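Presented below is the structure to which this report refers.
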There are 2 protein chains.
Amino acid sequence: MGSLQYCEHCGNRLCIYRVPLFSSLSEENLHQIASYIQHRSFEKGELLISEGESTDSLVIIHQGVVKAFRYTAAGREQILYLFSEGDFFGEQYLFSNLKATYNVEALSPVKICLLTKSHLHKVLLTHPEVAIKLISELGKRIAQMENTFQSMGIRDVDARVATLLLDFAERYGREAPGGTLINLPISREGMANYLGIARETLSRKLSKFEDDGLIQSLDLKTIQVKDSDSLEDLAGLS
Amino acid sequence: MGSLQYCEHCGNRLCIYRVPLFSSLSEENLHQIASYIQHRSFEKGELLISEGESTDSLVIIHQGVVKAFRYTAAGREQILYLFSEGDFFGEQYLFSNLKATYNVEALSPVKICLLTKSHLHKVLLTHPEVAIKLISELGKRIAQMENTFQSMGIRDVDARVATLLLDFAERYGREAPGGTLINLPISREGMANYLGIARETLSRKLSKFEDDGLIQSLDLKTIQVKDSDSLEDLAGLS
DNA sequence: CGTGTACTTGAGAATTGTCAAAGGCTGTGG
DNA sequence: CCACAGCCTTTGACAATTCTCAAGTACACG
C-alpha cells in the first residue's frame, strides 16, 4: 500500500474526532482508539489499494478525495465510489479474508487514517456502541447505493446526467452568486464511465444543458449550476 | 404491515437456526433470541412493507421470495432486490428514524421472522459477536451491490442480460440433465425493469439467445441454460 | 372454453455509440 | 515569456442499437 509516511499535519486525535463512526465515544475511549491509528499520505494519482491485494485495515479519509474503481471486461474503468473527508472503506475485508475487489486512487493529495483489522475487532468487541454506529453507517451507504442503483436503472440519459450534477453540487459544491459552483473531482471521461455512457455523449449533454442555461462550464473542472430547478425536473425529482 | 398471523409451521427455533446472522451464537443465546422473534405469513402479491411506512423490525425471510422496489418518476417499477430464504432486510431503519424507502411484495407464499428494533439493540449490545456478524453480512451485501452496480454500468445490453441469467441460475436454479433449470421469480417485465431496458428489448434478447442455443424457454417461468460457457463469455467473465 | 393478461414480433423513429478531426488547456523547455 | 507537444475535450457525421407504437400470439385463470 505504498510507502509508510507518518502524517505530520494532524495530531492523532484530530482524525478520529472528525469521523462519524467514533462520534459516540467518550474522550477516554477516543484516546485509546487514537493510539491504534496509523497515518499515511498519498499524492494525486497514487494508488492506495490495488484490486486483488489483501488488506487488513479500515481506511478513513482524513483529507482529499479518492476514487474506487474496477476495470470492466471491455477494459473500461468503472468508478464505484468517490470517497472524501470522513468517509471510510475497506470494511468488507475486515471480517473475511477476501482480497480487495477494487482499486483506490487518490484524486488529490490525500491523508488517511488506518485502523487494523485486529484493532478494530478489539474496539467493536469492547464498545458495542461503535459496532452499532458502524452498522448504521453501512446502512446509510446501502441506502445511498440503492439511490444510485435506481438512477442507473433510469433509461433516460438526460435524467442520469442531471442526477449526477445535483449529487456533485451537494457533495462538492459551494454556494456562489449566480449558482452553486461544483468543483469536479473527476474528468469528463470519469463521469461518463461512472454513468455508463460514452464520453462524447456526456459532452453533448453538458453542451445542451449549457445552451439551455441550466449550467455553465467555467473551466474544465468547474461547473456552475444556474438553474437547479430545471435540473431537478430533468432528474425526475418532481 | 398486514394482519398478524402466527406461523404454525415452524417452531420458533427453526427460523433463527437458518439465519447466518445468528450462526455464531450458542444454543442458550439462540433460545433467548428465539423468544423475541415474531412470525408472520403473507400470500403471493401481499405487501410486507410500503414506501414511507415506518418500520421497527428487522425482517428475516424464512420461506419464499420477495421483491423490494420503488417507482421511478416515470411511474416504472424499479426492482432493487430479490430476497429469499435466509436473507434479511430493514436494517437501515433500525438505527435511524427513517421511513421505509421501498415497497416489499411477496412473490410467492412467504413466511417471515421479525425482530424488533429494541430487541435487536438488546442482542447487539450484549452479543458483540452478533454485531460483527451483522457487519460482515452488510459488507457482503455491499460487495454484491457493487457487482450489480458494475453490471448496470456495462453499456452492452447482451452482457447485462447474460449476467442476469447467470445470477438467476445460481440463486434460483437447480441442476438438470441438459442444463440448469431456472425458476424465474419475476416476470419479463420485472427483469426488463431490473435491467433498465424495455421489455420488448428483453424479449428480443431472450429470443436471440434461444436461437443461438444458449438457453431454452420451457415455460414463461422456466428457462434452461443450455450453454453457460457462452453466456459467461457474453457476460464478460472471460 | 373463453377472456384477460403477459409476452413476442415487426417496423419506423429516436437516441446513443463509434470514428475522425479540430479545438483548448497544461506543462515543459528553450 | 513564448512556443510546442501532449492530452483531454468538443463537435460532426454516420452506423448501430434501442425505444416506441402496434398488432398478433401464447399462456393462465376462472
Side-chain angles (χ1 to χ4, degrees), chain A residues 43-45 67 72-79 105 107-108 152-162 164-165 182-212 215-223 234 236, chain B residues 43-45 67 72-79 105 107-108 152-162 164-165 182-212 215-223 234 236:
Chain A
E43 292 306 311
K44 175 177 172 176
K67 68 174 174 187
T72 65
R76 195 168 57 81
E77 182 181 303
Q78 173 72 50
I79 295 177
E105 182 186 320
L107 294 173
S108 66
M152 292 287 290
I154 298 172
R155 295 208 272 282
D156 182 3
V157 173
D158 287 36
R160 302 233 298 267
V161 175
L164 182 70
L165 287 172
I182 305 174
N183 224 291
L184 299 173
I186 50 176
S187 66
R188 307 290 150 114
E189 176 155 19
M191 289 192 278
N193 285 339
Y194 185 71
L195 294 172
I197 60 178
R199 51 173 191 281
E200 292 94 331
T201 305
L202 179 73
S203 273
R204 283 182 248 271
K205 294 300 178 192
L206 291 178
S207 299
K208 201 191 66 177
F209 286 179
E210 190 159 7
D211 289 347
D212 294 350
I215 62 171
Q216 186 163 0
S217 178
L218 301 179
D219 160 323
L220 279 183
K221 284 178 182 163
T222 316
I223 285 180
L234 274 177
Chain B
E43 292 305 312
K44 175 178 173 176
K67 68 174 174 187
T72 65
R76 196 167 57 81
E77 183 181 303
Q78 173 72 48
I79 294 177
E105 182 186 320
L107 294 173
S108 66
M152 294 285 291
I154 298 173
R155 295 209 271 282
D156 182 3
V157 174
D158 287 36
R160 302 233 298 267
V161 175
L164 182 68
L165 287 171
I182 305 175
N183 223 290
L184 299 173
I186 50 176
S187 66
R188 307 289 151 115
E189 176 156 19
M191 290 192 277
N193 285 339
Y194 185 70
L195 293 172
I197 60 177
R199 52 174 190 280
E200 294 95 328
T201 304
L202 180 72
S203 272
R204 282 182 249 271
K205 293 301 178 192
L206 291 178
S207 299
K208 200 191 66 177
F209 286 179
E210 190 160 6
D211 289 347
D212 294 350
I215 61 170
Q216 186 164 359
S217 177
L218 301 179
D219 161 321
L220 277 183
K221 284 180 182 162
T222 316
I223 285 180
L234 274 177

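Lettering of chains follows the sequences in order, A, B, ..., and the numbering in each one begins at 1. Bear in mind that the values here come from a model prediction, so they are computed numbers and not experimental data.
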Using modelled atom types and a 3.5 Å cut-off, is there a donor and acceptor pairing between side-chain atoms of B/R160 and backbone atoms of B/I154?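 A pair under 3.5 Å: yes.
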Without swapping roles, check the side chain of A/R76 against the backbone of A/N193 for a donor-acceptor pair under 3.5 Å.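 Present.
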Whole angstroms only, please: what is the [atom1]-[atom2] distance between [X] and [N]?
X      : N      : atom1 : atom2 : value
A/L218 : C/dG24 : CG    : C1'   : 16 Å
B/L195 : D/dT18 : CG    : C1'   : 14 Å
B/I215 : C/dT8  : CD1   : C1'   : 13 Å
B/E77  : C/dA6  : CD    : P     : 11 Å
A/D211 : D/dT10 : CG    : P     : 12 Å
B/E210 : D/dA26 : CD    : C1'   : 14 Å
B/R160 : D/dT17 : CZ    : P     : 15 Å
B/L202 : D/dT18 : CG    : P     : 12 Å

Distance check: side-chain N/O of B/R199 vs OP1/OP2 of C/dA6, anything under 4.0 Å?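 Checking C/dA6 against B/R199, no side-chain N or O comes under 4.0 Å of OP1 or OP2.
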Taking 4.0 Å as the cut-off, does a side-chain nitrogen or oxygen of B/T201 come that near to OP1 or OP2 on D/dC19?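 For D/dC19, OP1/OP2 do have a side-chain N/O of B/T201 under 4.0 Å.
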Closest heavy-atom pair and its distance - B/I79, B/G190: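 Closest approach of B/I79 to B/G190, heavy atoms only: CD1-O, 3.9 Å.
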Taking the minimum atom-to-atom distance to the side chain of [X], which one of [options] wins?
X      : options                : value
A/A198 : D/dC19, C/dT18, D/dT9  : C/dT18
B/E200 : D/dC21, D/dT18, C/dG17 : D/dC21
A/S203 : D/dC27, D/dC19, D/dT11 : D/dT11
B/R204 : D/dT9, D/dT11, C/dT9   : C/dT9

One pair to check against side-chain contact (heavy atoms from CB on, under 4.5 Å): A/L206 and A/L165. What are the steps and the verdict? CA-CA 10 Å; A/L206 291 178; A/L165 287 172; 4.2 Å; yes
Answer with base, sugar-phosphate or nothing: what part of the nucleic acid does [X] contact at a heavy-atom distance below 4.0 Å?
X      : answer
B/K205 : sugar-phosphate
A/L206 : nothing
A/E189 : sugar-phosphate
B/R155 : sugar-phosphate

Toward the 5' end of DNA chain C, by each residue's nearest nucleotide, B/I186 or A/V157: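 So the residue in question is B/I186.
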Criterion side-chain contact (heavy atoms from CB on, under 4.5 Å) on A/R188 and A/L220, from CA distance to verdict: CA-CA 8 Å; A/R188 307 290 150 114; A/L220 279 183; 4.0 Å; yes
